[in-house]
Amino acid sequence: MEKGIILYQSRYGATEKYAKWLTAMTGFECMERKKADIRDIKRYDTIVLGGGIYASGISGLSFFRKNKRQLKGKKLAVFCVGASPYDASAMEEIRRRNFKEDLADIPCFYCRGAWQESRMSLKDKALCAMLKKAVARQDPAGYEPWQKALMEAIGKDCDWTDQTYLIPLMEYLQI
């Protein structure tokens, strides 16, 4: 058996950046989730999956769900990447939505990513514009952390990536 692999699915680059940092920190191999074949992946002892958060879903997580039986007995972990600052209640909601029965035992770690409007697809720009419009109707004093971050980032490119977000995952991996 081989030691470990980091699979990632990254739309704009922040998740890939974390995956590469994690690779350097662990010595694990690294691969885009779309290129992963379960026949190759199941030979690893530890499998870490990283994906961006979009509409409260974690991209790439379906790989674990689809292959859960074949990954039985492996050490699995997920890191998700979002533009908002860490918020415990938001993380609970992400866990509730993404880690149902079959994935409930997999730990999930949060890494703050980036907001790169200049690189967004037309569809993502349109969705963000609608979201901004909805949030702007609210009283700023009552904004949740993600809403405040959204309103501050609109119209800019921001990068909040930081290797220190990986420390709790590294502690879990015991490397």
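Values below: every heavy atom of this structure, side chains too, minus hydrogens, waters and symmetry copies.
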Asker: Taking the side chain from R95 and the backbone from A104, do they hold a donor-acceptor pair closer than 3.5 Å?
Answerer: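 Yes, R95 side chain to A104 backbone: donor-acceptor pair under 3.5 Å.
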Asker: Provide the closest heavy-atom pair for A114 versus A83 in the form atom of the first, atom of the second, distance.
Answerer: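 Minimum heavy-atom separation between A114 and A83: O-CB, 3.9 Å.
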Asker: Compare every heavy atom of G52 with every heavy atom of T15, then report the nearest pair and how far apart it is.
Answerer: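 Smallest heavy-atom distance, with atoms named: OG1-N, 3.5 Å.
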Asker: Which pair of heavy atoms, one from E152 and one from K156, lies closest together, and at what distance?
Answerer: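 The answer is O-NZ, 2.8 Å.
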Asker: Can you list everything that forms a side-chain hydrogen bond (donor to acceptor under 3.5 Å, both in side chains) with Y12? Sequence neighbours excluded, please.
Answerer: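 Listed in chain order: D124.
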Asker: Show the nearest heavy-atom pair for residues T23 and C30, with the distance to one decimal.
Answerer: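 Here T23 and C30 meet closest at OG1-CB, 3.1 Å.
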Asker: Does R33 use its side chain to pair, donor to acceptor, with the backbone of G50 at less than 3.5 Å?
Answerer: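 Checking the backbone N and O of G50 against the side chain of R33, no donor-acceptor pair under 3.5 Å is found.
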Asker: Other members of the hydrophobic cluster containing M130, with the 4.5 Å side-chain heavy-atom rule, please.
Answerer: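 Its cluster mates, by chain and number, are L127.
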Asker: Test your reading of the model: is there a side-chain donor-acceptor pair from Y18 to the backbone of D162, 3.5 Å cut-off?
Answerer: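 Yes, Y18 side chain to D162 backbone: donor-acceptor pair under 3.5 Å.
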Asker: Given side-chain contact (heavy atoms from CB on, under 4.5 Å), test M91 with C108 step by step and report yes or no.
Answerer: CA-CA 9 Å; M91 230 8 235; C108 182; 3.6 Å; yes
Asker: Has the side chain of S59 got a donor or acceptor atom that lies under 3.5 Å from a matching backbone atom of G51?
Answerer: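 No: the side chain of S59 does not pair with the backbone of G51.
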Asker: Quick one: CD1 on I5 to NZ on K74, what's the gap to the nearest 0.5 Å?
Answerer: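 It comes to 11.5 Å.
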Asker: Evaluate the side-chain proximity of E117 to C128: yes if any heavy-atom separation is below 4.5 Å, no if none is.
Answerer: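 C128 vs E117: side chains apart.
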Asker: Indicate, with yes or no, if Y172 and I167 share a hydrophobic cluster defined by side-chain heavy-atom contacts under 4.5 Å among Ile, Leu, Val, Met, Phe, Trp and Tyr.
Answerer: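 No; Y172 is not reachable from I167 via cluster members.
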Asker: If two hydrophobic side chains count as joined below 4.5 Å and joins carry through other members, does M31 share a cluster with L61?
Answerer: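 As far as the 4.5 Å side-chain criterion goes, L61 and M31 are connected within one cluster.
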Asker: Ignoring hydrogens and angles, tell me if any N or O in the side chain of D159 forms a donor-acceptor pair with the backbone of W115 under 3.5 Å.
Answerer: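 Pair absent, no side-chain N/O of D159 close to backbone of W115.
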Asker: Under the 3.5 angstrom rule, does the side chain of D157 hit a backbone N or O of S118 as a donor-acceptor pair?
Answerer: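 Indeed, once roles are kept as given, a pair shorter than 3.5 Å links the two residues.
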Asker: Is a donor on one side and an acceptor on the other found under 3.5 Å between the side chain of Q70 and the backbone of N67?
Answerer: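 No, the answer is negative, given that no donor and acceptor are paired below the 3.5 Å cut-off.
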Asker: Between atom CG of L7 and atom CD of E29, what is the distance when rounded to the nearest 0.5 Å?
Answerer: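 Output value for this atom pair is 10.5 Å.
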Asker: State, yes or no, whether a side-chain contact exists between R11 and Y54 at a heavy-atom distance under 4.5 Å.
Answerer: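 Answer yes - side chains close enough.
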Asker: Taking a hydrophobic cluster as the set of Ile, Leu, Val, Met, Phe, Trp and Tyr residues connected by side-chain heavy atoms closer than 4.5 Å, whether directly or through intermediates, do W146 and Y165 fall within one such cluster?
Answerer: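 Looking at the clustering, Y165 is in a separate group from W146.
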Asker: Do E92 and R96 pass the salt bridge (Lys or Arg N to Asp or Glu O under 4.0 Å) test, and can you show the C-alpha distance, the side-chain angles, and the key distance before you say yes or no?
Answerer: CA-CA 6 Å; E92 285 176 33; R96 190 185 65 73; over 6 Å; no
Asker: I need the I38 CD1 to L71 CG distance, nearest 0.5 Å.
Answerer: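 Going from the CD1 atom of I38 to the CG atom of L71 covers 4.0 Å.
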Asker: Test your reading of the model: is there a side-chain donor-acceptor pair from D45 to the backbone of K75, 3.5 Å cut-off?
Answerer: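 No, because the side chain of D45 does not come within donor-acceptor range (under 3.5 Å) of the backbone of K75.
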Asker: Applying the 4.5 Å side-chain criterion to the ILVMFWY set and letting contacts propagate, would W160 and V81 be lumped into a single cluster?
Answerer: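 Looking at the clustering, V81 is in a separate group from W160.
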Asker: Does P145 offer a backbone N or O that forms a donor-acceptor pair with the side chain of D87 under 3.5 Å?
Answerer: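 Side chain of D87 to backbone of P145, a donor-acceptor pair under 3.5 Å: no, none is there.
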Asker: Should we say atom NZ of K125 is surrounded by more than 12 heavy atoms from elsewhere, each under 6.0 Å from it?
Answerer: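 Atom NZ in K125 is packed in, count exceeds 12.
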Asker: Side chains of I94 and I58: does their closest heavy-atom pair fall under 4.5 Å?
Answerer: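 In short, these two side chains touch, coming nearer than 4.5 Å.
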Asker: When hydrophobic residues are tied together by side-chain contacts of less than 4.5 Å, even through go-betweens, does Y8 share a cluster with F109?
Answerer: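 As far as the 4.5 Å side-chain criterion goes, F109 and Y8 are not connected within one cluster.
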Asker: So does K132 have more than 12 non-hydrogen atoms from other groups sitting under 6.0 Å from NZ?
Answerer: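 No, because the 6.0 Å sphere around NZ of K132 holds 12 heavy atoms or fewer from other groups.
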Asker: Taking 4.0 angstrom as the limit, do D40 and K35 come out as a salt bridge?
Answerer: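 K35 and D40: not salt-bridged.
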Asker: State which residue, out of K68, K66, K72, R65, fulfils the salt bridge (charged side-chain N to carboxylate O under 4.0 Å, His left out) condition with D102.
Answerer: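 Output: one option passes, namely R65.
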Asker: How long is the straight-line distance from OG of S84 back to NZ of K148, given to the nearest 0.5 Å?
Answerer: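 So the NZ of K148 and the OG of S84 are separated by 12.0 Å.
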Asker: Roughly how far, to the nearest 0.5 Å, is the CZ atom of R112 from the SG atom of C158?
Answerer: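 Here the rounded value is 8.0 Å.
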Asker: For residues G57 and N98, report the shortest heavy-atom separation together with the two atoms involved.
Answerer: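 Minimum heavy-atom contact is CA-OD1, 3.4 Å.
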Asker: To the nearest 0.5 Å, how far apart are OG1 in T26 and CG in L166?
Answerer: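 Separation between the atoms: 9.5 Å.
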Asker: Do Y143 and L150 make a side-chain contact, defined as non-hydrogen atoms from C-beta onward lying under 4.5 Å apart?
Answerer: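 Answer no - side chains too far apart.
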Asker: Taking all non-hydrogen atoms of both residues, which atom of F79 and which atom of C111 are closest, and how far apart?
Answerer: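 The answer is CD1-SG, 4.2 Å.
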